Number of protein chains: 2
Amino acid sequence: MANDGIWMLCTNSAIRRASRQLGQLYEDAMGDTGLKGTQFTLLSQIRQDGQPALKALAEAMVMDLSALGHTLKPLIRDGLVELVADPRDRRVKRVRLTTLGEAKQADLVARWQVAQSRFDQVFGAEKSAELRRALALISSPEFADAFENGLRN
Amino acid sequence: MANDGIWMLCTNSAIRRASRQLGQLYEDAMGDTGLKGTQFTLLSQIRQDGQPALKALAEAMVMDLSALGHTLKPLIRDGLVELVADPRDRRVKRVRLTTLGEAKQADLVARWQVAQSRFDQVFGAEKSAELRRALALISSPEFADAFENGLRN
DNA sequence: GGAATTTACTGGCATATACCACTATATCTG
DNA sequence: CAGATATAGTGGTATATGCCAGTAAATTCC
């Protein structure tokens, strides 16, 4: 499996490489819906959060605020999500699924489940859950803090 | 650590999210060199392979050939790598580091090592190596094949 | 209460990455 | 050998993602 690349030494290279591969596999499973993996992720997270402020959503996704804004554009253009101003704090905008967006998301969940169970089957369900836990740990602010400032216990 | 997102269910979401975080951390460690993590990865892989054909490099990186072409553009523009035609097969182009590219790569290795050892320290060196193995497995063509066509043993 | 600061978002620019259509070579086949 | 097919790259278009500079609204501080 090409054990001789920097990805065997550099976790960053390794994770990006695996990202590309997994992105392909999941996207194929998404099929003709025309939506990307990231878009499914976003729709699902928005659905779960209800009506998150952009800032909060960006943080949850571990994504730059402006990157989130850009990424939402096609979804807004296609009428899957919409932005609503927060009446309490007029700096804040909240994202929510439109009716169309909810339908699309539900459709995608079914397809996603196929991809996810294939992954679990090939990689092993237990190892899969463990991998997600490890990745969530890496994605946490605590991890970033320890990385940047050293482990001071 | 926000245990309630889709990233706890969807390995694809989880890996992209962790990619973003790790990309940030490593890039910060790269400092003022002006190069991105991906560019370091590419320079390092090219260095290791010597003078790989674009196709072969794309495969090793698990990257689309045209994506690789686009990604190399800034590196070519900045004089870090160059393309040379293969005399045997004139369809083939090979990439190689320029003298400047070699110097830059060597410089980056030092910085990268700082980032990688911080990662190992925070995540655990053994777990870290194990994670890279898991990611390399996921990135392998065998994995993709099993994912797409099912495990037929 | 008004100036200074912080916060939330927007828009422009640059790289990362994929797909598709097209071109140039090379290889295969009758 | 000529036509069909396969292979390697290129260029265009679209999404993904980050940084920086700006804008507007809220909060803080005399």
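The structure displayed is predicted, hence computed values, not measured ones. Letters go in sequence order (proteins before strands), and every chain restarts at 1. Below, all heavy atoms of this structure are taken into account, side chains as well, without hydrogens, waters or symmetry copies.
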Start and end of the DNA chain C segment that chain B contacts, any atom under 4.0 Å from a heavy atom: C/dT15 to C/dA26
A/Pro87 or A/Ser66: which one's nearest nucleotide on DNA chain D is closer to the 5' end? A/Ser66
Enumerate the residues from residues 35-54 of chain B whose closest heavy atom to DNA chain D is under 4.0 Å, giving them by residue number; use none for an empty result. B/Ala53, B/Leu54
Listed in order of residue number, which residues of residues 91-109 of chain B have a non-hydrogen atom at under 4.0 Å from DNA chain C? B/Arg91
What is the distance, to the nearest angstrom, from the CG atom on B/Asp64 to the C1' atom on D/dA8? 12 Å
hbond_proxy B/His70 side chain to D/dG9 base (donor-acceptor, 3.5 Å cutoff): no
Pairs flagged by ring pair (Phe, Tyr, Trp, His ring centres under 6.0 Å) wherever residues 38-66 of chain A is involved - sequence neighbours left out: A/Phe40-A/Trp112
Can I get a per-line list of side-chain donor-acceptor pairs under 3.5 Å for residues 48-61 of chain B, giving both atom names and the distance, sequence neighbours left out?
unit_1: B/Gln48; atom_1: NE2; unit_2: A/Asp4; atom_2: O; d: 2.6
unit_1: B/Asp49; atom_1: OD1; unit_2: B/Gln45; atom_2: NE2; d: 3.3
unit_1: B/Lys55; atom_1: NZ; unit_2: B/Glu59; atom_2: OE2; d: 3.2

Atom-pair distance (CG on A/Leu75; C1' on D/dA14), nearest Å: 13 Å
Set of ring pair (Phe, Tyr, Trp, His ring centres under 6.0 Å) partners for B/Phe147, sequence neighbours left out: none
Can you run down the salt bridge (Lys or Arg N to Asp or Glu O under 4.0 Å) pairs that involve residues 33-48 of chain A, sequence neighbours left out, and say none if there aren't any? A/Glu27-A/Lys36
Taking B/Arg132 for the side chain and A/Thr11 for the main chain, is one N or O donor matched with an acceptor at less than 3.5 Å? no
Residue pairs fulfilling side chain to side chain donor-acceptor pair (under 3.5 Å) with at least one residue in residues 71-83 of chain A, sequence neighbours excluded: A/Glu82-A/Arg96
Run the side chain to side chain contact (heavy atoms under 4.5 Å, CB included) test against A/Ala18 and tell me which residues pass, sequence neighbours left out. B/Ile15, B/Leu135, B/Ile138, B/Ser139
Between B/Arg88 and B/Arg77, which residue's closest nucleotide on DNA chain C lies nearer the 5′ terminus? B/Arg77
Closest nucleotide of DNA chain C for B/Pro74 versus for A/Gly69: which of these residues is on the 5' side? A/Gly69
Once you round it to whole Å, what is the distance between C1' of D/dT17 and CG of A/Leu72? 12 Å
In chain order, what residues pass the side chain to side chain contact (heavy atoms under 4.5 Å, CB included) check against B/Asp64, with sequence neighbours excluded? B/Ser66, B/Ala67
Partner set under side chain to side chain contact (heavy atoms under 4.5 Å, CB included) for A/Asp86, not counting sequence neighbours: A/Arg88, A/Val92, A/Arg94
Taking side chain to side chain contact (heavy atoms under 4.5 Å, CB included) as the test, write out the residues that go with A/Leu100, two or more places apart. A/Leu80, A/Thr98
Can a side-chain donor-acceptor contact be found between A/Arg16 and B/Thr38 if the only test is distance below 3.5 angstrom? yes
For the pair made of CD in B/Gln24 and C1' in D/dT17, what is the distance, rounded to whole Å? 9 Å
